[in-house]
Undergrad: 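Quick one: this structure, given as structure tokens, is what I'll be asking you about.
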Amino acid sequence: MMKVFICPSCGRMTVGSRKKEVSCSKCNEENMERAKISFQQYAAMDEQKRRDYSESWLYIHNAAKRK
């Protein structure tokens, strides 16, 4: 089963199937988080929708840290 991961530092998204812990290749963050979308949803998105999802995820994630 393919899983979608997102970096909590830079928002880069990637997919993987076997690893439970994934490192970001862009900013070297050691622990990317599992995104709440399926691989099918991710695959159906165009580049702009992926960017929008990433930006929204970062906004929500960072707002939760500030509280």
Undergrad: My understanding is that only residues two or more places apart in sequence, or in another chain, count here; which of them pass side chain to side chain donor-acceptor pair (under 3.5 Å) with Gln41?
TA: Ser38

Undergrad: Residues in side chain to side chain donor-acceptor pair (under 3.5 Å) with Glu29, at least two apart?
TA: Ser9

Undergrad: Other than Val22, which residues form its hydrophobic cluster under the rule that side-chain heavy atoms must be closer than 4.5 Å?
TA: Phe5, Met32

Undergrad: Can a donor-acceptor pair be found, under 3.5 Å and without considering hydrogens, that links the side chain of Ser54 to the backbone of Arg50?
TA: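 Judged by distance alone, no pair lies under 3.5 Å.
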
Undergrad: Quick one: does Met13's side chain get under 4.5 Å of Val4's, heavy atoms only?
TA: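 A side-chain contact exists here, since the closest heavy-atom pair is under 4.5 Å.
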
Undergrad: If you look only at pairs with a residue in residues 19-57, which of them pass as a ring-ring contact (aromatic ring centres under 6.0 Å, His included), with sequence neighbours excluded?
TA: Trp57-His61

Undergrad: Can you find a pair of side-chain heavy atoms, one from Arg34 and one from Ile6, that are under 4.5 Å apart?
TA: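 Contact flag for Arg34/Ile6 side chains = no.
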
Undergrad: What residue pairs, at least two apart or across chains, pass side chain to side chain donor-acceptor pair (under 3.5 Å) with a residue in residues 17-26?
TA: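 Sorted result for residues 17-26: Arg12-Ser25.
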
Undergrad: Cluster question for you: counting only ILVMFWY and a side-chain heavy-atom cut-off of under 4.5 Å, with indirect links fine, are Ile37 and Tyr59 together?
TA: no

Undergrad: So, using side chain to side chain donor-acceptor pair (under 3.5 Å) as the criterion, who are the partners of Arg51 when residues are at least two apart?
TA: Gln48

Undergrad: What's the spacing between Cys7 SG and Asn31 CG if we round to 0.5 Å?
TA: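 With rounding to 0.5 Å, SG (Cys7) is 9.5 Å from CG (Asn31).
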
